[in-house]
2 protein chains.
Amino acid sequence: MRAPQERQARLEDVAKAAGVSRSTASRVISGSGPASATARDRVHSAVRMLGYRPDQAARSLVNRSGFRVVLAVVGTSARVLDDPYVHRAVAAAATAAMPYEVGVSLRWLPRDAPRLDRMLDDRTVRGVVLFNTTEAALDGVPSAFRGRVVSIGIGSRMVPSFDVDNGGGAAAVLEHLYRAGRRRIAMVAGPAWMPCARRPVEAYRDLVNSAGLPVRLVAGDFSAASGRRATGTVLDRWPDTDAVFGINDATAFGALAALRDAGRQVPADVAVAGFDDIGYAALSAPALTTATHPVERIVATAVEAVLTQGGVPSSRVFPSTLVRRDSA
Amino acid sequence: MRAPQERQARLEDVAKAAGVSRSTASRVISGSGPASATARDRVHSAVRMLGYRPDQAARSLVNRSGFRVVLAVVGTSARVLDDPYVHRAVAAAATAAMPYEVGVSLRWLPRDAPRLDRMLDDRTVRGVVLFNTTEAALDGVPSAFRGRVVSIGIGSRMVPSFDVDNGGGAAAVLEHLYRAGRRRIAMVAGPAWMPCARRPVEAYRDLVNSAGLPVRLVAGDFSAASGRRATGTVLDRWPDTDAVFGINDATAFGALAALRDAGRQVPADVAVAGFDDIGYAALSAPALTTATHPVERIVATAVEAVLTQGGVPSSRVFPSTLVRRDSA
DNA sequence: ATGAAAGCGCTAACAG
DNA sequence: CTGTTAGCGCTTTCAT
């Protein structure tokens, strides 16, 4: 309802309109400190009347609070930032942070030296969202920063975790393969150092152990190229493999390519399944069987947790469900 | 070289160390206003000595400059933000903006009412990068904001443009199809309202006109689903089509799926080509022939242009080159 | 060319 | 519960 061409209302304008002091107005608006019910009402309606929006720069200055969220991706090289999964996450974060009037930055955190403290004592940084984090990186979070760091992946006492139930999702995929009669199932895993790739591997071990199947495990790096390479290795070492489970969809696409190169029919000769259910999964030839990964919701929740200093954020696991298509 | 556990140096510390006043130090550091050579040297070395970094919040407050870059994507619905192309762009922007200590926000701009002014008088916004913009949206940029708005796509006198040479890239792809003997080439275009999809269509018209080929043009919306649908339409209307050119790779993947459904061999019966050279282009069956689109470089250049208020940014066109694979 | 002084808009003691 | 006062760190007139 504010006249369009006027100068932005300041706190002082609100206070004047409400007939209170700046301090009272500030207390009401920021929700910290006491205020009478009447003062509260009058300030709130003045805010609405004037279309007042607090100046974030001024707030940052006095609170030393920072005005951007950093997505810190742990990895062995800066190329981890090229991953479509990371891209989706950044877009989701930038969208989720929009209403808070804070921006998002993207940064590679070297696995060998995940120096989080340097990032956290940067006054421009309001919070950090960790990706693919390791125990070492989590241990490097000083307790003074509790609540300003969250993790998409494993967490710690200090750092709440927001993650997909990739153990459950992987189990669902593997069970599907098993029920379809597959008995010589290979898995292309992620890098061994990556904690978030562990639960799917555990799900795989659980299945092969309990069903008495052979273990056929090869490491990849989440990329399609590595899926292709690793699947080549699988076919060399265990030519009678009848299913390949990729740690993610990109890996599975690489598997499809390798099987095509080798002249194997999918799913007739070899079934293939992935994880994530990215857009292209419905378009590959054959369309990819996989499990869902609600990246957007997870990231949005994590970003809001780090931005909402109010409630202490608590960890949360997001379900993953099987998506049956043609490849398995 | 600064001791790690000390409080961040302020401008006052620098001034003291350099033996000058805060004003002089400020002038030297921000590079505006006069300063003697000696003062300059002393301030610069004090900065280095103390590891001084200006407090962006304080700067924002006094300069009213803003501390985030908004990527504004024009489209008919908020789902335009789901596009992988947009995701890559956001990630690239967040990376490019990192050293400037500013974050990135992502926002949908309704095609019907691209209200840019609301965004530009938001004090938290340092600059805006437009995506898929229309002439109407560009006309809505007040001249007061010259230099604070750049466009990935078409530009205007007020708004510099950074874009791939998609006309040239499309021409290269089409020429490749023609040289391979294709004479009944269909194109799946983008939405008619989208200016950035026009030049490839012009390239298509140029080829069919000059070579006397039939015009087979169907609209899509950049999605794989639309590519699949549109290719179905093409096959219905012109069953003897021997090539399909998609406005982007996603569209081309949809075309591959449609042709598979229809039992056509690619490239034997029908050649398929796309545009963008995204990661999966090398993995589809068959691998997709396409043209490059250096999104990361384009976005990084645009973001730096909007952040570097110094030089008036000038428009720039980035080359696109043919990538021959198996589908055409 | 340089320094003193006055804010940018907000929050947080501290009295009342 | 409320108002007064003093800054947060920086830039920028305005004298000198």
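Note on naming: letters A, B, ... go to the chains in the order of the sequence lines (proteins, then strands), and numbering restarts at 1 for each one.
- Within the structure, no pair that satisfies the side-chain hydrogen bond (donor to acceptor under 3.5 Å, both in side chains) test touches residues 152-162 of chain A, not counting sequence neighbours.
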So which protein nitrogen or oxygen atoms get under 3.5 Å of nucleotides 14-16 of chain C's nitrogens or oxygens?
none

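- In terms of the salt bridge (Lys or Arg N to Asp or Glu O under 4.0 Å) criterion, B:Arg10 has no residue partners (sequence neighbours excluded).
- Checked against side chain to side chain donor-acceptor pair (under 3.5 Å), A:Asn166 has the following partners two or more places apart in sequence or in another chain: A:Arg199.
- Residues forming a side chain to side chain donor-acceptor pair (under 3.5 Å) with B:Arg115 (at least two apart in sequence, or on another chain): B:Asp117.
- Residue pairs meeting the salt bridge (charged side-chain N to carboxylate O under 4.0 Å, His left out) criterion with at least one member in residues 87-114 of chain B, sequence neighbours excluded, are B:Arg53-B:Glu101, B:Arg88-B:Glu296.
- The list of salt bridge (charged side-chain N to carboxylate O under 4.0 Å, His left out) pairs with a residue in residues 65-83 of chain A, not counting sequence neighbours, reads A:Arg68-A:Asp122.
- Of the residues in residues 40-47 of chain A, not one places a heavy atom less than 4.0 Å from an atom of DNA chain C.
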Is there any protein nitrogen or oxygen under 3.5 Å from a nitrogen or oxygen in nucleotides 6-9 of chain D, and what are the pairs?
{"residue": "D:dA6", "atom": "N6", "partner": "A:Arg22", "partner atom": "NH2", "Å": "3.4"}
{"residue": "D:dC8", "atom": "O3'", "partner": "A:Arg64", "partner atom": "NH1", "Å": "3.4"}
{"residue": "D:dG9", "atom": "OP1", "partner": "A:Arg64", "partner atom": "NH2", "Å": "2.4"}
{"residue": "D:dG9", "atom": "OP2", "partner": "B:Arg10", "partner atom": "NH1", "Å": "3.4"}

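- In this structure B:Pro114 satisfies the side-chain contact (heavy atoms from CB on, under 4.5 Å) test together with B:Leu109, B:Ala137, sequence neighbours excluded.
- Shown here are the ring pair (Phe, Tyr, Trp, His ring centres under 6.0 Å) partners of A:Phe67, two or more places apart in sequence or in another chain: B:Phe67.
- Applying the 4.0 Å criterion to OP1 and OP2 of D:dT2, one finds that A:Ser36 has a side-chain N or O inside that range.
- Axis orientation changes by 30° from one end of the helix from C:dA1-D:dT16 to C:dG16-D:dC1 to the other, with each end axis drawn from 5 pairs and the value rounded to 10°.
- Distances shorter than 4.0 Å separate some side-chain N or O of A:Thr24 from OP1 or OP2 on D:dG3.
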